[in-house]
K.L.:
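Quick one: the structure is below, and I'll ask about it shortly.
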Amino acid sequence: MSELGNLLKNAREEKGYSLEDIQDLTKIRKRYLEAIEEGNYAVLPGNFYVRAFVKNYAETVGLDAEEVLSMYQQEIPSKASEPIPEQPIIQKRRSARSSDRFSKWGFRIMMWSFLLLIGAVVYTYVVKQPEGEANRIVDDSKITDRAEAPDPAAEDPGAENTGSGKSNANADNTGQGADAPSSDTNGAAEEPAETEPEEEAVTTITFVESVGNSTDKMALSTGGVHKYEISVTGDGNKSWVELRKNNRTGEKLVFETISGPNTVTREVEGTVYMSIGNTTSVEVKIDGVPLDLGGKVTKRFIIEPAAAAAE
């Protein structure tokens, strides 16, 4: 192993990162990372990429990339020994011109379509509307004439008296029905029973078992959606935070290095996998309840809510 590779490996292990973690953070293949740590630069795709890969690796593990490159410049192959392929600039200019031409024509077509639409709206509501308004006025006048026609029954006083007599009789009967006593034998209406509000369940965190060297399985007392708060304390402190659904290969919810002071919050339902680096500068709360990180440099958890633990 080379001196540069030994330096990068020690910095990676201090951060609690594996080669898979560095691969996810830098997007550099794991076999290239192993080659850099072993000093086997022939495995890399070319000398042009060596300095870029080393610089990215150093920044990810918290080292000064420029200082590392200057200290080990004799060990790192020079990128000048390999020519950089030229880019087809002329072809790009042609494609750009053709796209500009199409965009100009598209803009013109859109403007003409918009003008035609405005003209159609003006013709419909301004030119043709008066005819419709006149027809509607004539129809309204016919309806008014029909409504004002005299009612023959209104001229007969006998019919009016008969109708009033019937209405009075109905009114008397209605009044008697309203004044009739209630058939309730108890003499009082039943009142609805009062219901006490349900108290919200408080979440508790219980240790279940240890899985491997640095993974603890925890159980939550409640189910449903839980609020995870991960806080990096102190100015300048950094910590690797990984939060996934179900297990280590599940959907990524948080996957980054967080600089303090900062807090990341996620609401998750179901089982959660959590990995925390540099735990001395991190505080984790679930539904406001603190989670004991154990004081280790790197700590991993599998957290199951009540429903998942019962299964």
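Keep in mind that what you see is a predicted model, and the values were worked out from it rather than measured.
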K.L.:
Looking only at non-hydrogen atoms, find the nearest pair between His226 and Gly224 and report the distance.
P.N.:
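Taking His226 first and Gly224 second, the nearest heavy atoms are CD2-O, 3.4 Å.
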K.L.:
Flag the pair Glu229 / Val284 as yes when at least one side-chain heavy-atom distance between them is below 4.5 Å, and no otherwise.
P.N.:
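Sidechains of Val284 and Glu229: no contact.
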K.L.:
About how many Å separate CD of Glu34 and NZ of Lys9, when rounded to the nearest 0.5 Å?
P.N.:
10.0 Å
K.L.:
Check whether any side-chain heavy atom of Asp235 lies under 4.5 Å from a side-chain heavy atom of Pro261, and answer yes or no.
P.N.:
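Yes, side chains in contact.
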K.L.:
Atom CD1 of Ile276 and atom CD of Glu283: how far apart are they, to the nearest 0.5 Å?
P.N.:
12.0 Å
K.L.:
Do Phe207 and Leu291 belong together in a cluster built from hydrophobic side chains that touch within less than 4.5 Å?
P.N.:
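They do share one cluster, since a chain of ILVMFWY contacts under 4.5 Å joins Phe207 to Leu291.
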K.L.:
Which residue pairs pass the ring-ring contact (aromatic ring centres under 6.0 Å, His included) test with at least one member in residues 244-289, sequence neighbours excluded?
P.N.:
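Matches after skipping sequence neighbours: Trp240-Phe255.
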K.L.:
Might you point out which heavy atoms bring Ala65 and Glu59 nearest each other, and give the distance in Å?
P.N.:
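Smallest interatomic distance, heavy atoms only, reads CB-CG, 3.6 Å.
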K.L.:
Same hydrophobic cluster for Tyr17 and Ile36, using side-chain heavy-atom links shorter than 4.5 Å among ILVMFWY?
P.N.:
yes
K.L.:
Any chance you could lay out the salt bridge (charged side-chain N to carboxylate O under 4.0 Å, His left out) test for Glu251 and Arg244, step after step, and finish with the verdict?
P.N.:
CA-CA 5 Å; Glu251 178 186 350; Arg244 294 174 181 262; over 6 Å; no
K.L.:
To the nearest 0.5 Å, tell me how far Ser239 OG sits from Lys15 NZ.
P.N.:
8.5 Å
K.L.:
Tell me if a side-chain donor or acceptor on Asn247 pairs with a main-chain N or O of Thr249 at a distance below 3.5 Å.
P.N.:
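Here the side-chain-to-backbone pair exists.
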K.L.:
With a 4.5 Å limit on heavy-atom distance, are the side chains of Leu8 and Leu63 in contact?
P.N.:
yes
K.L.:
Would you say Glu66 and Lys55 make side-chain contact, with heavy atoms under 4.5 Å?
P.N.:
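Contact flag for Glu66/Lys55 side chains = yes.
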K.L.:
What's the verdict on side-chain hydrogen bond (donor to acceptor under 3.5 Å, both in side chains) for Gln23 and Tyr32, showing C-alpha distance, side-chain angles and the deciding distance?
P.N.:
CA-CA 9 Å; Gln23 177 180 254; Tyr32 294 156; over 6 Å; no
K.L.:
Let me know which of Ile258, Thr257, Val232, Asn262 forms a side-chain contact (heavy atoms from CB on, under 4.5 Å) with Lys238.
P.N.:
Thr257
K.L.:
Counting only heavy atoms not in Lys252, do more than 12 sit closer than 6.0 Å to its NZ atom?
P.N.:
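Correct, the count exceeds 12.
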K.L.:
So does Thr203 get a backbone contact from the side chain of Asp287, meaning a donor-acceptor N/O pair under 3.5 Å?
P.N.:
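No.
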K.L.:
For Thr60 and Asn56, which heavy atoms make the closest approach, and how far apart are they?
P.N.:
OG1-O, 2.8 Å
K.L.:
What's the separation between atom CD1 in Ile28 and atom CD1 in Ile22, rounded to the nearest 0.5 Å?
P.N.:
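Answer for the CD1-CD1 pair, Ile28 versus Ile22, is 9.0 Å.
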K.L.:
Is there side-chain contact between Val241 and Val264, with at least one heavy-atom pair below 4.5 Å?
P.N.:
no
K.L.:
Assess whether side-chain contact (heavy atoms from CB on, under 4.5 Å) is satisfied between Leu44 and Phe53, documenting all intermediate values.
P.N.:
CA-CA 9 Å; Leu44 274 68; Phe53 285 178; 3.6 Å; yes
K.L.:
Shortest non-hydrogen contact from Gly16 to Arg300?
P.N.:
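Scanning both residues, the minimum pair turns out to be O-NH2, 4.2 Å.
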K.L.:
Specify the closest pair of heavy atoms between Arg248 and Ser18, including all atoms of both residues, with the distance to one decimal.
P.N.:
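Heavy atoms only, the tightest pair is NH2-OG, 4.2 Å.
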K.L.:
May I ask whether Val268 and Val289 are part of the same hydrophobic cluster, defined by side-chain heavy atoms of I, L, V, M, F, W, Y residues being less than 4.5 angstrom apart, directly or through others?
P.N.:
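Linked within one cluster.
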K.L.:
Is there a path from Leu220 to Val202 through hydrophobic residues (I, L, V, M, F, W, Y) whose side chains come within less than 4.5 Å of each other?
P.N.:
no
K.L.:
I'd like to know if Ile302 and Leu243 are part of one continuous hydrophobic network [Ile/Leu/Val/Met/Phe/Trp/Tyr, side-chain heavy atoms within less than 4.5 Å].
P.N.:
no
K.L.:
Applying the side-chain contact (heavy atoms from CB on, under 4.5 Å) criterion to Pro305, which one of Thr222, Thr271, Ile286 satisfies it?
P.N.:
Thr271
K.L.:
For the CZ atom on Phe114, are there more than 12 heavy atoms of other groups (residues, nucleotides or ligands in this structure) within a distance under 6.0 Å?
P.N.:
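For Phe114, atom CZ is not crowded (no more than 12 foreign heavy atoms under 6.0 Å).
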K.L.:
With a 4.5 Å heavy-atom cut-off, do Val272 and Lys245 have their side chains touching?
P.N.:
no
K.L.:
To the nearest 0.5 Å, what is the distance between NZ on Lys217 and OG1 on Thr206?
P.N.:
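It is 13.0 Å, given to the nearest 0.5 Å.
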K.L.:
Using a 4.5 Å cut-off on heavy atoms from C-beta on, say whether the side chain of Glu37 contacts that of Tyr57.
P.N.:
yes
K.L.:
Determine whether the side chains of Ser281 and Thr233 contain a donor N or O and an acceptor N or O closer than 3.5 Å.
P.N.:
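On atom types as modelled, these side chains do not qualify, holding no pair under 3.5 Å.
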K.L.:
Between Arg266 (side chain) and Leu253 (backbone), is there a donor-acceptor pair under 3.5 Å?
P.N.:
yes
K.L.:
Checking salt bridge (charged side-chain N to carboxylate O under 4.0 Å, His left out) for the pair Glu14/Arg12: CA distance, chi angles, key distance, verdict?
P.N.:
CA-CA 5 Å; Glu14 289 179 359; Arg12 170 175 64 80; over 6 Å; no
K.L.:
Of all the heavy-atom pairs spanning Leu33 and Leu19, show the shortest one and how long it is.
P.N.:
CD1-O, 3.8 Å
K.L.:
Between Met274 and Ile303, is any pair of side-chain heavy atoms under 4.5 Å apart?
P.N.:
yes
K.L.:
Determine yes or no for a side-chain-to-main-chain donor-acceptor pair under 3.5 angstrom, with Asn10 supplying the side chain and Leu7 the backbone.
P.N.:
no
K.L.:
Any chance you could measure Asp216, atom CG, to Ile205, atom CD1, to the nearest 0.5 Å?
P.N.:
12.0 Å
